[in-house]
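Report on the following structure.
Everything quoted here is computed from the prediction, not taken from an experiment.
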Amino acid sequence: MAGKPNKLAFLSMPAPASYVAGLGRGASGFTTRSDIGPAREGPSAEVIAEAQARRGEEAEVDPDQFQDPDNEYGLFAGTTYEADDEEADRIYEKVDEAMDARRKARREAQEQLEMAKHRAERPKIQAQFADLKRGLTAVTDAEWEGIPEVGNLTRKKRKTEGRTYVVPDSILVGDRERGGIGNVVQDGQETPGNAGTLTNFVEIGQARDKILSLKLDQISGTATSLGASGTSTSIDPKGYLTSLDSVQLKSSAEIGDIKRARMLFDSLVKSNPKHAPGWIAAACLEEHAGRMVAARKLIREGCERCPASEDVWLEAARLHSNDDAKVILANAVQHVGQSVKIWLAAADLEGDVKAKKRVLRKALEHIPNSVRLWKETVNLETSATDARTLLSRAVEVIPLSVELWLALARIETPDKAKAVLNKARKAVPTSHEIWIAAGRLLEQEAGKNEDPEKKKKEMDTVDKTIEAGVRELRRHQVLLTREQWLKEAERCESEGSVRTCEAIVKATVGMELEDEDRLDTWIGDAESAEGRGMVGTARAILAYSLKVYPDKRALWQRAADLEKIHGTREGLDELLGRAVECCPQAEVLWLMAAKEKWLAGDVPGARGVLERAFIANQESEQIWLAAVKLEAENGETGVARQLLVRARDVADTQRIWMKSAVFERQQGQIDEALKTLSAALKKFPKFAKLYMVQGQIYEDRNDIPSARASYAAGIKSCPKEPTLWMLASRLEEKDGKSIKARALLEKARQVNPGNEWLWLESIGVEERSGGGASQVLSRALQDCPTSGVLWSKSIWSEPRPMRKARSADALKKTGGGEGGGSAVVICTVARLFWAERKVEKARQWFGRAVGMDGDLGDLWGWWLKFERQHGMEEQREEVRVRCVQAEPHHGLVWPGVAKDLRNVGKGTREILELVADKLEE
């Protein structure tokens, strides 16, 4: 044991001079100053390489050690990068992009899949608490208030900022004694304030109250002596809070923005002192900051640096008081005497009218060609003579100003005004305003003439003047478009010159139009003008169109409708008289003329119109029936019966035969009506209404078998008429045979697929019989998915909370939206609003419903019923008037009420009231 060498003896051996621990293993050892001594270097590169070789490691080769610093790096160093190389690089880049794009979709899908998997395994904190966040919506205010404060859970001492401390009692006592007299003991020794006695809180409270009273006395304005200082403060207590309200407190951010803007503008005016907007902006900034003195100083400097800028002078006048502004503008006119704004601003500063006139006249001496200055000067004149003198001088100085010429013509007498306009026309031959003013002047003079013939001649002069004006303007290459002329015509109408408006339309409405486009364009122009309320312009356009196309029946009818709505009865009669002369074969025009005379109470005149209509249209069914209606409603039943007999011989149409039977039925001649129907059915076996009338007559007689036979014959002859099937079904249901009624409607739906009225009748049968109406309604909506009446039925079949959602589906399915949808569904929505007491919304939706389909009388009945409950008498009367104008004929309830024998001879107004009453039941 003693002879063996000690293996750990090397630990006590001194290390080599260049030894670094762990260097052979690749470690970079570190040494301290105490290890290496002063200025001792580390191992050299050769020593490190030798140590790594002993360890069997390869020495790292520095790639830059064999590089020539004078040469470039890379394999192709020194070569030239040519266009071919660039093209090759571009091709390789495109190939790389194509390959990347090919794999892009797959790569993105894989990334999304991995991301979804990762989110599923490790969801975000936000996703983990999403359900809890949604649950916070149900937390009540009381629960929020009951949540305790969190407090400090980190157990770390937080830094407290803005600490406040209680004022020591010694300070309070000292402040209390500051205004009083010191207490001295009789033996001459002072009693120390802090002699170890207990604190007297009563005295401390008294001291606090005394300090507060001192401050309040200062604010209230009372002179209070503060100890030996003897100072006093006086503050207005009433205006104190008001002055505080007027103080604009700016946030730190706003103050910082003002400072930065001030630095920017300061740099701007120093770098470019001749830039006037910079001085104005800098002054406005100071004004915004509340530094008016600085703002005025800046703007005065701006006036000195930019004396030719009128904006700087105007801004300076605005920032200063009235007297100072006058001085500033007086200096301004010395530098920019041609500025109209400067002179007008100087005139505005004057409070006296004479002073304003003096300033403006001085301005006209410097700027005699300013129209605005002349206008302002004339406006200040109260005497027409002085204004006329000024305008006469103005048009001499500025002869090209149309505005001044027209102003002078307006204040002159009519004779002198004509001379003025003639001079103006010669001075400014390219002005259309002068020609229009001349036409209006002539119209004004013609309106004062009481002689009709002279008045007509003078009015014709207006047309000639406008036509001459249009020719002269074309000769001087002034080409106003047709739309511009129509705008001028509308402006004349709005200002009361209707005849001038018509003259402009006559002279210009045919410009720039092809022959094949004229009629459609003129009708569109008339509709647009009427929509804007320009009735005179629309009437003039239609009148000119009728002169060009006197044989267009639709054009006459449109003009008559316009005259009926916006014109007078005399004008309508005159227009219809000319219409039937130009279009004698137009039955609708004859009927309109006869109806208007009848409504006016002129029954003989209506008969005369129809007599002339018979001459022009001997075989016209409508004219024969109109004559029968006129005689029947005026009590001439014998004449009406004779007319029907003659009509059956002359016209011999199926409708005349049907009306004959209906007339006999209304007169109580049931046997004669059945005889007429039998003869008519032999002539017209395919006319369904004959079977309907016959069946209804038998129903009134309670002859069920005969009525059933009539409807059966009608169904056999006219299987495509749904009304016959419905009448037959109702007859069977009336006879207590609901199963047969259901079978008839089932067969009717097979013969007439997709008919909404047959489905509605089937739903009614099921409801009345206690069957499955909901199942039938579902089948009906599948067969007729866009039916308004079925969707309305579906809405009312839902429970009250579900009706609103169902109505939204109904509007969508029936093509709802702006101006779309079914009128029945819209009326249903209005009734829903009505049930919810949303009166204005309900009224709007009722108006929208009747606007879409005014022929449905039930819509008008529901609206009147609504207005009876929630509207005023004016609103109810408006519904009645609009219903009379619409003349409805269809609906679920309206036809039955209108065709009831008890309501024969009643007008639309009375039928509307009855329908509203029946809807209430």
Side-chain angles (χ1 to χ4, degrees), residues 402 425 429-440 442-443 459-567 571-572 574-576 578-583 585-586 588-589:
V402 178
R425 178 174 54 83
T430 59
S431 172
H432 64 280
E433 293 94 341
I434 295 175
W435 288 100
I436 294 175
R440 295 182 61 182
L442 292 174
E443 179 184 359
M459 287 296 182
D460 294 338
T461 309
V462 178
D463 296 340
K464 296 178 182 178
T465 302
I466 297 298
E467 290 177 2
V470 174
R471 288 195 303 269
E472 286 295 320
L473 290 173
R474 287 179 181 175
R475 190 169 66 85
H476 288 87
Q477 302 300 319
V478 179
L479 303 177
L480 272 72
T481 62
R482 195 174 63 89
E483 288 74 14
Q484 290 174 331
W485 280 113
L486 289 179
K487 287 182 180 179
E488 292 293 335
E490 292 181 1
R491 186 173 63 83
C492 289
E493 181 187 356
S494 62
E495 294 176 358
S497 302
V498 181
R499 194 68 177 84
T500 307
C501 166
E502 295 176 359
I504 294 174
V505 171
K506 290 178 184 178
T508 60
V509 76
M511 296 169 53
E512 307 171 359
L513 290 178
E514 299 293 338
D515 292 341
E516 59 272 12
D517 298 334
R518 289 192 297 179
L519 182 60
D520 295 336
T521 304
W522 287 338
I523 292 176
D525 292 338
E527 291 177 351
S528 300
E530 184 183 1
R532 292 190 293 271
M534 300 298 172
V535 181
T537 305
R539 186 183 290 114
I541 294 173
L542 290 175
Y544 185 84
S545 304
L546 289 172
K547 287 184 179 179
V548 180
Y549 300 102
D551 56 342
K552 294 294 183 180
R553 182 185 64 181
L555 198 58
W556 282 106
Q557 189 172 354
R558 189 177 296 274
D561 292 338
L562 177 68
E563 199 66 31
K564 183 178 180 180
I565 297 173
H566 302 286
L572 180 59
E574 190 270 335
L575 178 66
L576 290 173
R578 290 190 292 115
V580 296
E581 292 178 1
C582 295
C583 301
Q585 305 301 322
V588 63
L589 296 177

Which heavy atom of Ala503 sits nearest a heavy atom of Asp463, and at what distance?
CB-OD1, 3.1 Å
Matching residue for Leu480 among Arg474, His432, Met511 - test: side chain to side chain contact (heavy atoms under 4.5 Å, CB included):
His432
Closest contact, heavy atoms only, Glu443 versus Arg499
OE2-N, 2.9 Å
Not counting sequence neighbours, which residues clear salt bridge (Lys or Arg N to Asp or Glu O under 4.0 Å) with Arg471? List them please.
none
Under a 3.5 Å distance rule, please check whether Trp556 uses its side chain to pair with a backbone N or O of Pro550 as donor and acceptor.
yes
Measuring from atom CZ of Arg518 to atom CG of Asp515, what distance do you get when rounded to the nearest 0.5 angstrom?
4.5 Å
Apply side chain to side chain contact (heavy atoms under 4.5 Å, CB included) to the pair Glu495 and Arg440, showing each step before the final yes or no.
CA-CA 10 Å; Glu495 294 176 358; Arg440 295 182 61 182; 2.3 Å; yes
Value rounded to 0.5 Å, distance of CG in Leu486 from SG in Cys501:
8.5 Å
Do Arg475 and Glu472 pass the salt bridge (Lys or Arg N to Asp or Glu O under 4.0 Å) test, and can you show the C-alpha distance, the side-chain angles, and the key distance before you say yes or no?
CA-CA 5 Å; Arg475 190 169 66 85; Glu472 286 295 320; 2.7 Å; yes
Could you pull out the closest heavy-atom pair between Glu493 and Gly533, with the gap in Å?
OE2-O, 4.4 Å
Could you give the distance from CD1 (Ile541) to CD (Glu530), rounded to the nearest 0.5 Å?
10.5 Å
Kindly say whether Gly536 contributes a backbone atom to a donor-acceptor pair with the side chain of Glu502 at under 3.5 angstrom?
no
What heavy-atom pair brings Ala560 and Leu576 nearest, and what distance separates the two atoms?
CB-CD2, 3.8 Å
Decide side chain to side chain contact (heavy atoms under 4.5 Å, CB included) for Thr508 and Glu488; before the verdict, give the C-alpha distance in whole Å, the side-chain angles of both, and the deciding distance to 0.1 Å.
CA-CA 11 Å; Thr508 60; Glu488 292 293 335; over 6 Å; no
Search all heavy atoms of Gly439 against all heavy atoms of Ile466 and return the closest pair with its distance.
CA-CD1, 4.5 Å
How many angstroms lie between atom CD of Glu527 and atom CZ of Arg558, to the nearest 0.5 angstrom?
4.5 Å
Heavy atoms from other residues, nucleotides or ligands near CZ of Arg491 exceed 12 (cutoff 6.0 Å):
yes
Can you measure from CG (Leu546) to SG (Cys582) and round to the nearest 0.5 angstrom?
8.0 Å
Is the backbone of Tyr544 close enough, under 3.5 Å, to the side chain of Trp522 for a donor and an acceptor to pair up by distance?
no
If I compare all heavy atoms of Cys492 with all of Ile504, which pair ends up nearest, and what's the gap?
SG-CD1, 3.9 Å
Would one find more than 12 heavy atoms of other residues, nucleotides or ligands at under 6.0 Å from atom CD of Glu514?
no
Which distance, rounded to the nearest 0.5 Å, do you find between the CD of Gln484 and the CG of Leu479?
10.0 Å
Carefully, step by step, assess Glu574 and Glu563 under the rule side chain to side chain contact (heavy atoms under 4.5 Å, CB included).
CA-CA 10 Å; Glu574 190 270 335; Glu563 199 66 31; over 6 Å; no
For Lys552, is the NZ atom crowded, meaning more than 12 foreign heavy atoms sit under 6.0 Å from it?
no
Do we see a donor-acceptor contact under 3.5 Å between the side chains of Glu433 and Ser431?
yes
Would you please test Asp525 and Arg482 for side chain to side chain contact (heavy atoms under 4.5 Å, CB included) and show each step?
CA-CA 11 Å; Asp525 292 338; Arg482 195 174 63 89; 2.5 Å; yes
